Amino acid sequence: AMAAAELAGARPNKRRRVADKQKAAEVVAKAKAAEVAETLAVDGQALVQFVDPDGNRAGPELDVPLGSSKDQLCSLLNQLLENGEDLPYSFHLEDTEIVSSLASSFGKLAGGKMSTERVLQITYYPLAVFRVRPVTRCTSSLNGHTEAVLCVAFSPDCTRLASGSGDATVRLWDLGTELPKHTCQGHQGWVLAVTWSPDGSKLASAGMDKIVMIWCGRSGKLLVALKGHSQPVTCACWQPLHAVAEGGFPQLATASKDNSVRLWDTNGGSCIRTLSSHSAPVMQVRWSGERVEQGGAVYTAGRDCVIKVWNPSDGTMITELKGHGHWVNTLALNTDYVLRSGPYTHEDQKFKDLEEKRQAAKTRYAEAVSLCGGERLLSGSDDFTLFLWKPLEKKTPITRMTGHQKIVNHVAFSPDGRWFASASFDKSIRLWDGRTGKYVHAFRGHVGDVYQLSWSADSRLLITASKDSTVKLWDIASKKLQEDLPGHADEVYAVDWGLNGARVATGSKDRTLKLWRH
């Protein structure tokens with residue numbers, strides 16, 4: 001009967017379940033004991049000095065056992081920093097991450113550096129205190145678009161999803177039910193960009209028909225059509241919420257193939273300014289949260305290979321960043337995540353008005369900038385390289401990053417600014433250090449061009465969309481493929497990970513959107 005029950009796939013009986021549980025607990029206890037034994041087995045002490053990512057010392061030099069495990073270093077650091085509760089950190093000894101114990105990383109140091117006489121510098125990086133669970137399954141395939149889905153974007157509060165398509169419509173989807181909510185009709189051509197205002201109340205869409213549409217994020221009604229560009233609009237970006245003058249609403253910046261960038265007042269529907277000195281189509285625009293007194297700073301780049309920095313309050317160009325030898329395809333800021341989410345974090349919150357949201361966004365931005373060590377801009381290009389800049393400080397790049405064998409299509413910083421990733425048509429995704437631009441790893445596995453990538457809110461996972469019709473999830477700590485997510489019938493053009501970490505959305509040439517969850 002027992003065997004028959006097992007064959008039928010029935011749930012094991014209680015005695016069996018208890019035994020299994022005990023067995024599992026024993027295995028864990030054994031592993032822990034082995035780890036402790038291993039710690040004690042390594043003889044010797046080492047002098048260490050904890051430093052934060054910017055090189056500031058935390059506490060005095062300490063004499064610690066070489067066998068100290070990562071967890072022991074973590075509790076030691078928490079005591080030094082006098083944290084009320086134990087916060088998670090990752091540690092680096094010189095260039096190697098301390099994965100298990102100090103001794104194993106010590107063993108990897110270059111010959112001359114393996115001395116217990118000198119002080120070892122251990123750099124610590126704060127990690128997110130929450131964890132985003134990896135997405136493992138497709139929970140909904142959303143049909144409705146009649147042509148390829150070209151762009152997807154979650155609203156900042158993660159209650160809605162917007163998608164833009166080659167069928168000239170924008171669709172809003174309700175994430176509570178994972179069902180369609182509104183179809184926004186009005187465009188006459190492909191919709192190339194959809195982007196939510198940081199407070200979540202408005203959605204901007206733009207594309208081949210040269211018109212920028214502003215929709216109500218709740219009802220999906222057309223609020224205003226912004227006309228002025230004489231060529232297709234390639235990119236749109238909202239002003240950071242904390243950089244808006246009190247009582248105002250964020251402006252919208254749009255880049256176009258007419259070589260200009262326009263700043264719009266989305267309430268009145270008028271063009272406030274035209275930024276024009278690019279000599280070729282502008283493909284990317286980002287709006288910085290620095291220099292709040294002038295409403296931020298606008299970064300634009302495109303096919304004239306130059307990145308320009310603008311003052312949005314009077315439309316003057318501040319500087320030009322030169323270095324790329326071919327078209328610039330993609331820009332990213334290490335503060336993008338916090339600028340996009342405005343006042344919203346991974347937890348559910350309610351705000352009574354725009355001013356309260358603005359204050360919340362201001363606080364979050366200040367925290368994010370200090371965590372990632374000052375604003376940095378990243379550019380990726382058809383010349384196969386990336387450049388890392390501090391655009392408001394100097395005209396010369398921090399570093400130039402080579403390694404990709406084909407064009408770099410998309411780059412993005414992790415939400416905490418610790419890493420950035422680049423997706424390329426050479427089928428690889430490369431991981432780099434977010435402060436220095438140092439190469440860390442290449443993720444290989446896609447068998448087609450990699451189009452887009454998106455980070456989880458806790459910066460521990462990365463998802464990529466490819467021409468090979470699959471979506472792949474990569475684990476940053478282990479540098480391994482975590483999940484392979486097939487399902488689309490054709491190239492996957494767009495991917496976005498909700499700011500609360502619950503869902504990933506992908507848009508494909510097969511005309512469907514898919515929602516992925518844990």
Side-chain angles (χ1 to χ4, degrees), residues 52-56 125-126 128 156 195 198 235 237-244 250-251 253 255 261 263 275 284-301 306-313 316-324 328 330-343 345 358 360-380 386-401 410-422 432-438 455 457 459 499:
D52 73 4
D54 298 325
N56 307 317
Y125 296 88
T195 169
C235 186
C237 183
W238 291 90
Q239 182 179 16
L241 191 54
H242 70 274
V244 181
Q251 296 172 20
V261 173
L263 306 184
L275 313 177
Q284 283 282 303
V285 57
R286 283 288 176 277
W287 202 315
S288 159
E290 296 292 287
R291 305 211 177 164
V292 178
E293 66 287 345
Q294 61 180 37
V298 175
Y299 304 135
T300 60
V306 183
I307 301 166
K308 295 182 186 259
V309 183
W310 309 82
N311 175 346
S313 63
T316 53
M317 191 179 84
I318 305 169
T319 51
E320 288 187 313
L321 311 174
K322 292 180 176 164
H324 281 298
V328 180
T330 171
L331 292 179
L333 289 170
N334 57 356
T335 51
D336 270 343
Y337 177 85
V338 72
L339 294 178
R340 214 187 105 183
S341 51
T345 64
R358 204 176 68 98
K362 191 173 178 176
T363 316
R364 284 196 71 213
Y365 181 76
E367 283 168 11
V369 168
S370 70
L371 174 67
C372 62
E375 183 190 70
R376 288 174 182 70
L377 176 73
L378 179 65
S379 55
L386 302 104
F387 279 93
L388 188 62
W389 315 81
K390 280 197 166 176
L392 298 172
E393 285 175 29
K394 54 181 196 289
K395 283 178 148 179
T396 50
I398 302 173
T399 50
R400 172 174 184 260
M401 290 145 282
H410 192 214
V411 293
F413 278 93
S414 64
D416 61 5
R418 171 79 183 90
W419 314 105
F420 55 84
S422 52
W432 317 76
D433 183 287
R435 288 159 191 269
T436 61
K438 192 172 168 305
W455 285 87
S459 307
L499 300 167

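This chain uses plain numbering: 1 for the first residue, then up along the sequence. Here the structure is a predicted model, which means the values were calculated and not measured.
Partners of R291 under the side-chain hydrogen bond (donor to acceptor under 3.5 Å, both in side chains) rule, at least two apart in sequence or in another chain, do not exist in this structure. Take E375 and apply the side-chain hydrogen bond (donor to acceptor under 3.5 Å, both in side chains) test, not counting sequence neighbours, and it matches S288, Y299. V306 pairs by the side chain to side chain contact (heavy atoms under 4.5 Å, CB included) definition with D304, K308, E320, K322, not counting sequence neighbours. Listed by chain and residue number, Q349 satisfy the side-chain hydrogen bond (donor to acceptor under 3.5 Å, both in side chains) test with T345 (two or more places apart in sequence, or in another chain). Shown here are the salt bridge (Lys or Arg N to Asp or Glu O under 4.0 Å) partners of R418, two or more places apart in sequence or in another chain: D433. Residues passing the side chain to side chain contact (heavy atoms under 4.5 Å, CB included) test with P198 are W238, L241, P250, sequence neighbours excluded. Residues meeting the ring pair (Phe, Tyr, Trp, His ring centres under 6.0 Å) test with Y125, sequence neighbours left out: H92. R435 is linked by a salt bridge (Lys or Arg N to Asp or Glu O under 4.0 Å) to D54, counting only residues two or more places apart in sequence or in another chain. With sequence neighbours excluded, the residues forming a side chain to side chain contact (heavy atoms under 4.5 Å, CB included) with D336 are R286, A332, L333, listed by chain and number. Here T363 pairs with E367 under the side chain to side chain contact (heavy atoms under 4.5 Å, CB included) rule; sequence neighbours left out. Under the salt bridge (Lys or Arg N to Asp or Glu O under 4.0 Å) criterion, D416 pairs with no residue, sequence neighbours left out.
Listed for the Q284 side chain is no donor-acceptor partner under 3.5 Å among the backbone atoms of V328. One N or O on the side chain of N334 and one on the backbone of G374 form a donor-acceptor pair closer than 3.5 Å. A donor-acceptor contact shorter than 3.5 Å links the side chain of T330 to the backbone of V411. Between the side chain of Y365 and the backbone N or O of A360 there is no donor-acceptor pair closer than 3.5 Å.
Inter-residue side-chain proximity for V369 and T335 is flagged as met; some heavy-atom pair is nearer than 4.5 Å. Contact annotation: the side chain of P397 never approaches that of L321 to less than 4.5 Å [non-hydrogen atoms, C-beta and beyond]. With a 4.5 Å cut-off on side-chain heavy atoms, L331 and L378 do not count as touching.
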- Message: side chain to side chain contact (heavy atoms under 4.5 Å, CB included), that's the test. Do Q294 and I318 meet it? Break it down for me.
- Response: CA-CA 12 Å; Q294 61 180 37; I318 305 169; 3.7 Å; yes
- Item | Check against side chain to side chain contact (heavy atoms under 4.5 Å, CB included), I307 and T300 | CA-CA 6 Å; I307 301 166; T300 60; over 6 Å; no
- Take H324 and F387 through the test side chain to side chain contact (heavy atoms under 4.5 Å, CB included) and record every step on the way to the result. CA-CA 8 Å; H324 281 298; F387 279 93; 3.1 Å; yes
- Task: Tell me, with the steps shown, if M401 and L388 meet side chain to side chain contact (heavy atoms under 4.5 Å, CB included).
- Result: CA-CA 8 Å; M401 290 145 282; L388 188 62; 3.7 Å; yes
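Of all non-hydrogen atoms in A412 and W455, the two that sit nearest each other are O-NE1, 3.1 Å. Minimum interatomic distance between G437 and W432 (heavy atoms only, all atoms of both residues): O-CE3, 3.5 Å. The heavy-atom pair separating A253 from L263 by the smallest distance is CB-CD2, 3.5 Å. P240 and V244 get closest at one heavy-atom pair: O-CG2, 3.4 Å. For the pair W287 and G295, the tightest heavy-atom approach, listed with the atom from each and the gap, is NE1-O, 2.9 Å. In terms of heavy-atom proximity, A297 sits nearest to L392 at CB-CD2, 4.2 Å.
By the 30° and 60° cut-offs, the orientation of the rings of F413 relative to F420 is perpendicular.
Annotation: side chain to side chain donor-acceptor pair (under 3.5 Å) contacts involving residues 387-399, sequence neighbours excluded, comprise S379-W389.
Between the side chains of W310 and T316, no donor-acceptor pair is found at a separation under 3.5 Å.
Atom CG of residue D52 and atom CG of residue L371 lie 11.0 Å apart, to the nearest 0.5 angstrom.
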